[in-house]
There are 2 protein chains.
Amino acid sequence: MTGEGRARFERIYALLRSRICLLDYPPGMRLREEDLAEEFETSRTPIRRVLARLEDEGYVRSVHGVGTMVTDIDSASLEQVYRLRVELSELIGRLSPIVPDAETIEAFDVMRRRCEALAKAPDQRTFAQLNMDFLDLLMTLTENEPLREFSERLYYQTTRFWLKTVAGLERHEEALASETDYFLREISDIATAVSCGALETVGQVRRAHVAMSYARLKARARGDVLPDEV
Amino acid sequence: MTGEGRARFERIYALLRSRICLLDYPPGMRLREEDLAEEFETSRTPIRRVLARLEDEGYVRSVHGVGTMVTDIDSASLEQVYRLRVELSELIGRLSPIVPDAETIEAFDVMRRRCEALAKAPDQRTFAQLNMDFLDLLMTLTENEPLREFSERLYYQTTRFWLKTVAGLERHEEALASETDYFLREISDIATAVSCGALETVGQVRRAHVAMSYARLKARARGDVLPDEV
DNA sequence: CCGGATGATGATGTGTACAAATCCTCTGAT
DNA sequence: ATCAGAGGATTTGTACACATCATCATCCGG
């Protein structure tokens, strides 16, 4: 596969993955190959190529004679993914870190401003999108390709369950506002560390925030109300 | 995909990956879909499903109108993969370790005896196979599925370049004997730690051995002759 | 009224013909 | 002799028809 066909493949793949992670395609939803083929104005064959990759990466599961369903995840698996994410976070600063240039530093500042704007009008979908963009930016700080790839995959696996949990909360608006606030602090901390060129610190800060984010998620799923939302 | 078709898919995938990693299919070799279809007594369609996965994981690359070639790797990428492997190795003991039962302990002892037998008649292919089996056994020590999956992938990415380098050495028989010896020490150390239930130690020992293995590989690739082979 | 067989329906999996792209060879003009 | 270009051969990518499988409604018998 190469050239134009490759570009189309990547485009459809990224779009479907995005839809799954943003819960446009919620867990359990059935994706019909023919419908997708029609939407993207092609035949089933290229669609099946995309779905095959999504299945290999665990986003969907195809069953002969039934359909292709968006997967769900149990809390045990989520815990494993989060724990691995925590460990990988720190590696950003240890494996082939790239010294940030002025442009990169500016990019982090743009993120900070985007988050400040979000804090004034919290929105779940915008939050998720900002989160993804921030991860992408973080990953430009290391040249370690496999690390980038795995970090991305683990992130995409967790984000939709984070969204599902937060959306289903009793006081989900308060929770979302609180999470936006935490995220703003994370971005600020990391932006500062980046501007100093302290990439090890970036990794440690990120690790701490991923770990705390999961702790809050678990607490909220239990029904706890966090102190700052009282 | 499910049932019998799934089983066949997994079988062919594992076999082709094994052939690539054991250098039966050396880097640069062209795989013809039709030939593979004939070998496995099927049509191109299921073969393409397997090749698509192998491509997504970086083992091959398909180019329209040309063919499907087994990939090669540059030393920079190899370095990145190894450095990540070193970090992941230690996580075996930290993420959801499983307390080894008598059967597991016995399995490690079987590995040790296999390696002792190998040391008496070093053989590159047997060495590689033992290495793979040992990794599989190691991975049974953690319940962290994503960690298992990623560790496997990184290992499979490195092993064929290890094989290629060692096979191409001037004094490759001495090098192979030496590596077998190092590997025996690793297995012994880890088997001991496992029998004590000290999984953190297992991770640390493994980490050290992976790091040293890569250091030796780099040294040998430079043309150095290691002290113990003089 | 219930229960199992049975066929209709709709989904994914497979086989195959054809399209598109690349590579190699042959030809012919300069 | 060399190089440009056309054309054929080869190989992957795509479209589509059909096979296979699971589900569900229906019907018949007890």
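In the text below, chain A, chain B and the rest are named by the order of the sequence lines, each starting its count at 1.
Rounded to an integer number of Å, the gap from Met69(B) CE to dT11(D) P is 12 Å. Nucleotide dC18(D) holds its P atom 16 Å from the NE2 atom of His64(A), rounded to whole Å. Distance CZ (Arg8(B)) to P (dC21(D)): 12 Å, rounded to an integer number of Å.
Asn144(A) contributes a side-chain N or O that, together with a main-chain N or O of Gln80(B), makes up a donor-acceptor pair within less than 3.5 Å. Between the Thr142(A) side chain and the Pro97(A) main chain, no donor and acceptor come within less than 3.5 Å of each other. Without hydrogens or angle criteria, Thr71(A) side chain to Gly58(A) main chain gives a donor-acceptor distance under 3.5 Å. Remark: side-chain polar atoms of Thr140(B) are paired, donor with acceptor, to backbone N or O of Leu137(B) under 3.5 angstrom. Checking side-chain atoms of Arg49(A) against main-chain N and O of Arg48(B) turns up no donor-acceptor pair under 3.5 Å. A side-chain donor-acceptor contact under 3.5 Å links Ser151(A) to the backbone of Leu147(A).
Remark: the Arg220(B) side chain and the Ser178(B) side chain contain an N/O donor-acceptor pair separated by less than 3.5 Å. Side-chain contact, Glu57(A) with Tyr13(A): a donor N or O sits under 3.5 Å from an acceptor N or O. Judged by distance alone, the side chains of Tyr155(B) and Arg85(B) never bring a donor and an acceptor atom under 3.5 Å apart. For the residue pair Gln157(A) and Tyr59(A), no side-chain donor N or O sits within less than 3.5 Å of a side-chain acceptor on the partner.
Checked for salt-bridge contact, Asp72(A) and Arg61(A) miss the test: no charged N lies under 4.0 Å from a carboxylate O.
Taking every heavy atom of residues 33-49 of chain A and every atom of DNA chain D, pairs under 4.0 Å involve Thr42(A), Ser43(A), Thr45(A), Pro46(A), by number.
When heavy atoms are screened at a 4.0 angstrom cut-off, Leu31(B) is found touching the sugar-phosphate backbone but no base atom.
The outermost nucleotides of DNA chain C lying under 4.0 Å from heavy atoms of chain A, listed 5' to 3', are dG10(C) to dT14(C).
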Dot-bracket for DNA chain C, 5' to 3', Watson-Crick and G-U pairs with both distances under 3.5 Å, [ ] for crossing pairs, | for partner on another strand, reads ||||||||||||||||||||||||||||||
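The 5' end of DNA chain D is approached more closely, in terms of each residue's nearest nucleotide, by Thr68(B) than by the other of Val66(A) and Thr68(B).
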